[in-house]
Number of protein chains: 2
Amino acid sequence: MIDADWDLYRSFLAVLRAGSLSSAARQTASTQPTIGRHVDALERRLGAPLFTRSRAGLTPTPAAIALQPHAEAMEAAAAALERAAVGARDAESGVVRITASEIMGAEVLPPMLADVSLAHPRIAIELVLDNRLADLMRRDADIAVRMTRPTQGAILARRIGAVQIGLYAHRRYIARAGAPRTLAEASRHAAIGYDRDQFAVRRLGEEGVALDRDFFRLRSDSDCAQLALLRAGAGIGSCQRPLARRAPDLVPVLPNDISFTLDVWLAMHEDLKASRTVRIVYDALAKGLADYIREG
Amino acid sequence: MIDADWDLYRSFLAVLRAGSLSSAARQTASTQPTIGRHVDALERRLGAPLFTRSRAGLTPTPAAIALQPHAEAMEAAAAALERAAVGARDAESGVVRITASEIMGAEVLPPMLADVSLAHPRIAIELVLDNRLADLMRRDADIAVRMTRPTQGAILARRIGAVQIGLYAHRRYIARAGAPRTLAEASRHAAIGYDRDQFAVRRLGEEGVALDRDFFRLRSDSDCAQLALLRAGAGIGSCQRPLARRAPDLVPVLPNDISFTLDVWLAMHEDLKASRTVRIVYDALAKGLADYIREG
DNA sequence: CGTCGATCATACAAAAATGTATAGCTGGAC
DNA sequence: GTCCAGCTATACATTTTTGTATGATCGACG
């Protein structure tokens with residue numbers, strides 16, 4: 001009988017995904033020797049080699065690749081169990097984990113979350129800022145604030161509305177460099193935009209704004225850094241309209257020429273519907289985001 | 001984030017099934033304090049009570065019951081992973097676990113397994129004797145020898161044939177008590193049969209042998225004990241015909257009146273088809289059992 | 001009404017797993 | 001060619017987990 005500890009499968013899965021013991025250890029809040037021992041133990045119990053060791057990392061054997069779907073099934077079941085457990089407890093307490101884009105998480109959500117936290121002192125909130133989409137199915141987070149429609153299966157998603165995006169600049173910048181009156185003029189200005197983030201550039205392209213990397217004179221893949229540059233008067237950049245209106249010194253640039261909207265979606269797993277705790281935060285965000293959009 | 005050790009879920013499932021910490025500990029080769037601590041830890045992590053403790057055992061809360069299917073999904077995935085791992089290793093070595101009925105396991109299989117073991121010294125064999133059906137899906141065993149057609153899903157089953165069952169008695173018994181010539185006469189003899197095993201009695205009923213408990217003067221729910229009684233000349237009992245023919249001192253009783261057959265099935269999980277090790281044992285048993293049946 | 005058997009909870013010793021630190025190897029950049 | 005970053009493997013101290021032994025409580029049963 002094999003009957004290995006289920007924890008070993010979890011380490012196994014982490015190594016499969018990370019590609020090395022060290023990397024897997026970093027992602028699982030463990031250490032490299034521990035993960036290594038787990039893999040050793042699992043290989044011993046299963047009686048089959050799972051990885052070929054090298055100095056560069058661990059390469060999975062065909063056997064390990066064949067085992068991966070099963071380990072992922074275990075992971076999915078564990079996540080479902082956790083969601084069910086969270087949904088089952090009815091107390092207005094516990095931890096709610098939210099994932100959002102950088103701008104949303106750093107600029108828009110904090111006031112709303114502050115309100116929730118004050119009104120419900122027993123609810124703890126974790127905020128994960130990541131422009132990549134976190135996986136609600138795997139329970140990377142309980143609630144997601146996204147700018148695209150969630151496509152995964154058992155996800156409860158609500159479209160809050162569309163936030164307007166426009167070009168802005170600080171008064172100081174305008175005073176020094178003047179305000180462009182046409183698109184052609186704008187190209188001679190200090191534009192703030194993305195560095196290497198292909199995803200963001202492509203998304204802009206879909207919105208009808210075809211720009212290549214060289215168009216930007218100030219480049220950063222961090223949305224927060226872009227916003228900070230904008231506020232510091234470094235140049236012209238895009239900004240969510242309600243956010244810009246809160247800053248009295250930001251003025252619109254070419255509002256009639258460049259303007260588009262991004263949908264705002266709020267999502268949670270269906271299994272968490274029953275959780276009062278998650279629901280409280282979800283509803284607060286729904287209302288807060290709706291108000292925010294209306295500001296624009 | 002909850003992110004509990006997966007081992008906790010396993011203990012949780014064991015307690016759910018066993019109904020008490022002590023019982024769960026026995027079934028998992030662990031101890032009662034350990035299982036208890038696991039349950040405590042899981043309740044703390046999930047933030048919800050899972051059991052109401054009492055001196056008689058642990059009663060699951062509704063929350064725990066809701067969580068059970070997920071834990072079972074994890075278990076199923078773990079079992080599938082193990083089967084895949086066993087199937088993937090191609091060496092003719094490892095452990096093969098066989099489940100069989102008492103008679104089959106104690107009287108019929110051992111010579112075959114001895115041959116396999118000699119021919120393949122690196123294959124270890126575990127033999128589980130249990131008249132209840134072990135669960136191949138859960139990987140309670142790799143191979144099952146059964147007397148009924150397996151009904152579970154992804155099971156590879158082969159009908160080896162039908163073994164004849166008849167009544168027998170030892171020469172010594174016949175010499176002392178005489179041989180019955182009719183069924184009516186037989187009812188005055190010392191009959192060997194089942195004690196409280198309803199399943200066995202009902203199965204006899206289905207075969208057209210309607211007998212109640214009082215018919216038997218020598219009762220045991222252990223098939224091995226019944227056979228030993230028969231061999232010791234204690235009375236008249238049923239026996240597989242090939243088995244009886246091996247014992248020179250057992251003579252048939254009323255062979256024309258009472259005789260029926262039991263199918264013999266050999267089963268393994270489909271996932272294990274690829275395993276050379278399991279396949280070797282499976283094929284050896286298939287051949288050995290076919291020869292055995294032909295002896296009758 | 002007491003006894004027996006089975007249960008959970010707790011204290012303490014033993015065993016096992018983990019983390020820290022370090023050595024050694026490898027591949028790519030300059 | 002050398003350096004650097006990143007990786008695995010190993011030794012050792014520490015922490016954590018586990019097991020043993022025991023006490024206390026409850027219910028079945030005679």
- Message: Any carboxylate oxygen within less than 4.0 angstrom of a Lys/Arg side-chain nitrogen, looking at A:R37 and A:E43?
- Response: no
Do any N or O atoms of the protein come closer than 3.5 Å to N or O atoms of nucleotides 21-25 of chain D, and which pairs are they?
none

- Quantified as the angle between the terminal helix axes (five pairs each), what is the overall bend of the helix from C:dC1-D:dG30 to C:dC30-D:dG1 to 10 degrees? 30°
- Query: Counting distance only, does the side-chain N/O of A:T61 pair as donor-acceptor with the main-chain N or O of A:L50 below 3.5 Å?
  - Reply: yes
- Item | Whole-Å distance separating the CZ atom of A:R44 from the P atom of C:dA16 | 13 Å
- Message: Check the phosphate of C:dT18 against A:H38, side-chain N and O only, distance under 4.0 Å to OP1 or OP2. Yes or no?
- Response: yes
- Could you give the CZ-to-P distance, from A:R37 to C:dT20, as a whole number of Å? 11 Å
- Query: Quick one: A:D5 CG to C:dT18 C1', roughly how many Å, whole number?
  - Reply: 14 Å
- Message: Assess whether a salt bridge exists between B:R10 and A:D7, defined as any Lys/Arg side-chain N lying under 4.0 Å from an Asp/Glu carboxylate O.
- Response: no
- Query: Could A:D140 and A:R97 be called an ion pair, given the rule that one side-chain N must be under 4.0 Å from one carboxylate O?
  - Reply: no
- Flag, side chain of A:H120 to backbone of A:R122, donor-acceptor distance under 3.5 Å: no
- Message: I need the single residue from A:V95, A:V278, A:T277 that forms a side chain to side chain contact (heavy atoms under 4.5 Å, CB included) with A:I123. Which is it?
- Response: A:T277
- Query: What's the CD1-C1' distance between A:I35 and D:dT10, to the nearest Å?
  - Reply: 17 Å
- Under 4.0 angstrom between A:R53 side-chain N/O and D:dC7 OP1 or OP2: no
- Query: For A:L136 and A:A141, which heavy atoms make the closest approach, and how far apart are they?
  - Reply: CD2-O, 3.3 Å
- Task: Could you tell me which non-hydrogen atom of A:A18 sits nearest to which non-hydrogen atom of A:S23, and how far apart they are?
- Result: CB-OG, 3.3 Å
- Does a side-chain N-to-carboxylate-O contact under 4.0 Å join B:E82 and B:R138? no
- Task: Go through residues 19-27 of chain A and report each residue with a non-hydrogen atom lying under 4.0 Å from DNA chain C, sorted by number.
- Result: none
- Distance below 4.0 Å between A:T31 side-chain N/O and C:dT20 OP1 or OP2: no
- Message: Can you tell me if B:T34 touches the phosphate of D:dT17, counting only side-chain N or O atoms and a distance under 4.0 Å to OP1 or OP2?
- Response: no
- Item | Between C1' of C:dT26 and CG of A:L58, the distance in whole Å | 14 Å
- Decide, yes or no, whether a salt bridge links A:R139 with A:E75 under the criterion of side-chain N to carboxylate O below 4.0 Å. no
- Message: Rounded to whole Å, how long is the line connecting atom CZ of A:R10 with atom P of C:dT18?
- Response: 12 Å
- Message: Rounded to whole Å, how long is the line connecting atom CG of A:D7 with atom C1' of D:dT18?
- Response: 15 Å
- Item | Expected output: side-chain A:R83 to main-chain A:M137 donor-acceptor under 3.5 Å | yes
